[in-house]
Structures are given as structure tokens and as C-alpha cells.
Amino acid sequence: MRAVPLVGGPVEIRGALDLETTAAGVMPRRLPAWTKEQYQNPSVHGVTVMPSGVRLVFRTDARVLELEVLTSTGQLATASRPRPTGMLELLVDGALVERRRAPVGNVLVMAGPGAPQRLVPGRPGTVRFAGLRAGMKDVEVWLPQQTPTELVALRADGEVLAPLPDGRRRWVHHGSSLSHCIEADGPTGTWPVVAAALGGVEVINLSQAGNALLDPYVARTIRDTPADLISLKVGINIVALAAFRLRTFGPAVHGFLDTIRDGHPDTPIMLISPVSCPALEEVPGPAGREPDGRITALGDPADVADGALSLAVVRTELARITATRQASDPHLHHLDGRTLLGPDETDDLPDGLHPTPAAYRRMGRRFAAHAFAPDGPRARWAHPLTSPSADLPADPSGTPSARPEGAV
């Protein structure tokens, strides 16, 4: 086995916008380092270093690969074991061929959500992929979407080369935990990755579980990141945290879009409203939890008339903003999130908010059918030259009944 440099060699680390040098190795970050000065909440850092969509890409004739990593996971003080670390997945020539559970490394013990953490230091562990087919092949090693993972070493029993250019377009997506997809069954089971595979595009997932709040540093990051396609899934965190009122929400959306347009004046952008979440549909946040863990709304429904935000209000406002801007921005599109997961599918939300692994995959297939199919109802987002973008309705119906024929 020979050591392969993780930085400055043939391996590309895709899906991360920064690599932070640590005592163990390098930590992929999905936001650039400069953003750290602009947030104080430690949860932002925590989800930024969860490598949803991050993968190592290279070509090799090796039959055996070893990846040494140091993970960091949490554990409630009352629990007998740490939270699951998730899976590392190996793709060869685009096909998933092997999955290995990420080893437990550092453990952060806490009394409850938001409580002080006590670090129990761990050691790096090695994940071994053996029995790869002979000959040169394209390889991707996907990191667990829910677990911060420091890359310590890569070893191979053959030659490792840089990947060949494949000409795929780059899709940058930003959303909440429902796009971060911590609950997916593996890193290639998140809905953006499923959709990207079906659409033949490269995805960068800048989703931030619990933190999709129209933060200006995220808009500037997207502005400065090369992209052929951009999508923004907006609303659930804003309602759940009661982060805006109607008066401030619209200008914040406009400002977020204006910043992105400074760097991407003509790039197709899709603004996606929230999927179904029964507790918050008509009742404003903030959100809380029932004793059984299901989400509940703590706001007063009467306050909606005075500007409090429910999901229904957010959907209406996002459709209005899209319609308003399309006169001068024909490359801006809108998709009602209930097209991806509708009110008849809430049994697929075990906690009333987050989908099951199967539902995440279904969301990916539906998004691909809408956005990437050449004749799909949102094809002009992904294929803007097929026909004039101005022909797109300002407010696509996007209701569950408007799914494309044959969508699953």
C-alpha cells in the first residue's frame, strides 16, 4: 500500500469550499473560512463541517483502498452509546459498489440539545475497500453527511491519478436540514445527490441544518462560487425559529437574491418553498417538541394577521417575489416545495418534520423529473436555451396534484 497525498496531489475533494488543517489531518468545510467570523452560534460551525455532499474523486487501478479518518459525533449523557456516525460509500464508474460504517472517533457528550459539551477524545480509524475490479476506473469516496470527518490518510495498492474532466454542469444548492438530509441512509441517499445523479450534474450542497436563515455570508459565498445552476430552498428554519416577520422577510429574500445576482447575473436560479410540515402550515413559530419528539408550533395563529410567518404565508410570499422579479430576471424560477413532498405524505415525517430515507430518495427523483428532464415542467431552469424563460408561469401551481406524469 502506498500513501496518496490528500492535498496537492491527484485527489480532488469536491463539495467542500474550504479545507481546515487540524492536528489529525484536514477537515472539509462547506463554507469558506472567512465566514467563521460572521456567525456566533456554534451550531453553524457544527453543520458546516458535516460533509453532506463531500467526496474524494480520483482515477485508480488499485484493487484495495484505505481511508483513515477521525470522526466527531455526539452522545447524550443518558445514552449508552454515541449517535450513529453514518456511512462512507464507494462509487466506481458512477455505481455504488460498497458501503462501510464510519468509525467512532471523538465523542462530544452533552446533557441535552444546546447544553455544554464534554469532549472524549478518540483515535482515527481506517475504512478498507477491497476487491475493486482490475484496471483503471473512476472512483468516488463519499463522506457521511451527518458526521464531521477529518481526513487523515489515503492509501492504495495501485496508481492514483487525477480525475478526467467530464463536462458536467455545477449545481449549487442551499437549504435547511431537509436538504442537508442527516436522516438519509447514506451520503448518496440525500435528495440533492439523488437528483444530481439523475440529472447528470455535479452538486455542491451548501445546506445548513437548522440554519437556512438568509444569512448574508451564505449569499456572498454563492455569489463567489462558480455555478451553472443554483437552487435555494427557503422557509422552514425561518418559520421554526420565528426569525422574520412578513415586513422583514420579503426584503431579506430580495437582498439574498440581489447578492447572488452580483456574481451570477444570468445563471438560472430556482427558489423553492417549504415541503409539507403539518404543525407549521397555518400556525407560526417558534417550533417546539412534544414529549414524543414530534415538532409542534408554539406561535399564535391569530398573530399571522399581524405579520407572523407560517409556511402558507412563506409560500405565498416566495411566489409573489418570484413573479415580481421575473419581469427583469427571466432566469429566476419558482417551485412549490409540496411538489417534492406533499400533505398526503406526512406519514413519511416520523418527527413531523424530517423525511424518512425512502422519502428523501423520492424527493430527489421528483426534483430531477421537474428540473432536469428535457421535457419536464421546470426544464428551462436546467436547460435555459430550450425556449424563452419568460414563458415560464410566474407562479407554477406546484401543488401535489401538479406532479409530472409518471413521477414517483
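Counting from 1, the numbers follow the sequence of the chain as shown. Since the structure is predicted, the reported quantities are computational estimates derived from the model, not experimental observations.
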### Task
Look at the side chain of Asn106 and the backbone N and O of Gly122, then say whether any donor-acceptor pair between them is shorter than 3.5 Å.
yes

### Message
I'd like to know if Arg315 and Glu281 make a salt bridge, using a cut-off of under 4.0 Å between side-chain N and carboxylate O.
### Response
yes

### Residues Ser177 and His354: side-chain donor-acceptor under 3.5 angstrom
yes

#### Entry: Minimum heavy-atom distance between Arg155 and Ala153, given as atom pair plus value
NH1-CB, 3.6 Å

### Task
Kindly compute the distance separating CG (Leu164) from CZ (Arg59), expressed to the nearest 0.5 Å.
4.0 Å

### Task
May I ask you to check whether Trp381 and Phe372 place their ring centres under 6.0 Å from each other?
yes

### Task
Please answer whether the main-chain N or O of His173 pairs with a side-chain N or O of Lys233 as donor and acceptor at a distance below 3.5 Å.
no

### Task
Answer yes when Arg289 and Asp351 have at least one side-chain N-carboxylate O distance shorter than 4.0 Å, and no when they do not.
yes

### Shortest non-hydrogen contact between Asn237 and Ser176, atoms and distance
OD1-CB, 3.2 Å

### Task
Identify the heavy atoms of Ser276 and Leu349 that sit nearest to each other, and give their distance.
O-CD1, 3.4 Å

### Query
With a 4.5 Å limit on heavy-atom distance, are the side chains of Met50 and Ile182 in contact?
yes

### Query
For Asp266 and Arg261, what are the C-alpha separation, side-chain angles and deciding distance, and is it a salt bridge (charged side-chain N to carboxylate O under 4.0 Å, His left out)?
CA-CA 8 Å; Asp266 301 314; Arg261 280 291 181 229; over 6 Å; no

### Message
If you apply the rule salt bridge (charged side-chain N to carboxylate O under 4.0 Å, His left out), what do you find for Arg245 with Asp303, and how did you get there?
### Response
CA-CA 10 Å; Arg245 306 282 288 188; Asp303 197 22; 2.8 Å; yes

### Message
Quick one: does any side-chain atom of Arg14 pair with a main-chain N or O of Glu12 as donor and acceptor, under 3.5 Å?
### Response
no

### Message
If we count only N and O atoms by modelled type, under 3.5 Å, do the side chains of His331 and Thr267 hold a donor and an acceptor together?
### Response
no

### Message
The test is salt bridge (charged side-chain N to carboxylate O under 4.0 Å, His left out); show your working for Arg100 and Glu98 and say whether it passes.
### Response
CA-CA 7 Å; Arg100 289 281 184 266; Glu98 200 164 355; 2.4 Å; yes

### Task
Compare all side-chain heavy atoms of Leu151 with those of Leu56 and state whether any distance is below 4.5 angstrom.
yes

### Query
Between atom OG of Ser72 and atom CG of Leu70, what is the distance when rounded to the nearest 0.5 Å?
5.5 Å

#### Entry: Note, Ile272 side chain near Phe367 side chain (heavy atom, < 4.5 Å)
yes

### Message
So Val172 and Leu206, do their side chains get closer than 4.5 Å, heavy atoms only?
### Response
yes

### Query
Does Arg247 CZ have over 12 foreign heavy atoms under 6.0 Å away?
no

### Query
Could you state the interatomic distance from CG (Asp228) to CZ (Arg168), rounded to the nearest 0.5 Å?
12.0 Å

### Task
Might you work through the side chain to side chain donor-acceptor pair (under 3.5 Å) test for His174 and Ser207, ending with a clear yes or no?
CA-CA 4 Å; His174 174 59; Ser207 298; 5.3 Å; no

### Query
How about Asp93 and Asp138: do any of their side-chain heavy atoms sit closer than 4.5 Å?
yes

### Where Tyr360 and Leu178 come nearest, the two heavy atoms and their spacing
CE2-O, 3.5 Å

### Query
Charged N to carboxylate O below 4.0 Å: is that the case for Glu202 and Arg169?
no

### Task
Examine distances only and state if a side-chain atom of Thr147 and a backbone atom of Pro144 form a donor-acceptor pair shorter than 3.5 Å.
no

### Task
Determine, for Asp348 against Arg362, whether the closest basic-nitrogen to carboxylate-oxygen distance falls under 4.0 angstrom.
yes

### Message
Distance alone, cut at 3.5 Å: any donor-acceptor contact between the side chains of Arg220 and Gln38?
### Response
yes

### Query
Distance only, no hydrogens: is a donor on one side chain within 3.5 Å (strictly under) of an acceptor on the other, for Thr190 and Gln145?
no

### Message
Walk me through whether Glu89 and Thr188 qualify under side chain to side chain donor-acceptor pair (under 3.5 Å).
### Response
CA-CA 8 Å; Glu89 297 183 334; Thr188 61; 2.5 Å; yes

### Message
A side-chain contact here means heavy atoms from C-beta on lying under 4.5 Å apart; do Leu31 and Tyr217 qualify?
### Response
yes

### Query
Would you say Arg30 and Leu17 make side-chain contact, with heavy atoms under 4.5 Å?
no

### Query
Quick one: OG1 on Thr322 to CG on Asp329, what's the gap to the nearest 0.5 Å?
9.5 Å

### Message
Quick check: closest heavy atoms across Pro274 and Asp336, and the distance to 0.1 Å?
### Response
O-OD1, 4.5 Å

### Query
In chain order, what residues pass the side-chain contact (heavy atoms from CB on, under 4.5 Å) check against Pro350, with sequence neighbours excluded?
Thr356

#### Entry: Partner set under side-chain contact (heavy atoms from CB on, under 4.5 Å) for Asp258, not counting sequence neighbours
Arg325

### Task
Show your working on side chain to side chain donor-acceptor pair (under 3.5 Å) between Thr126 and Glu66 and close with a plain yes or no.
CA-CA 6 Å; Thr126 298; Glu66 292 180 347; 5.6 Å; no

### Query
So which of Pro148, Pro28, Pro187 actually passes side-chain contact (heavy atoms from CB on, under 4.5 Å) with Leu143?
Pro28

### Task
Could you list the residues that satisfy salt bridge (Lys or Arg N to Asp or Glu O under 4.0 Å) with Arg123, not counting sequence neighbours?
none

### Task
Would you please indicate yes or no on a ring centroid separation below 6.0 angstrom for Trp191 and His180?
no

## Note on the structure
Taking every heavy atom of Trp171 against every heavy atom of Ala196, the minimum-distance pair comes out as CZ3-N, 3.8 Å

### Query
How far does OG1 of Thr248 sit from CG of Leu309, to the nearest 0.5 angstrom?
7.0 Å

### Query
So, does Thr346 use its side chain to make a donor-acceptor pair with the main chain of Gly342 at under 3.5 Å?
no

### Query
Taking atom CZ of Arg99 and atom CZ of Phe129, what is their separation to the nearest 0.5 Å?
10.5 Å

### Message
Less than 4.5 Å apart, side chain to side chain, heavy atoms only: is that true for Val64 and Arg128?
### Response
yes

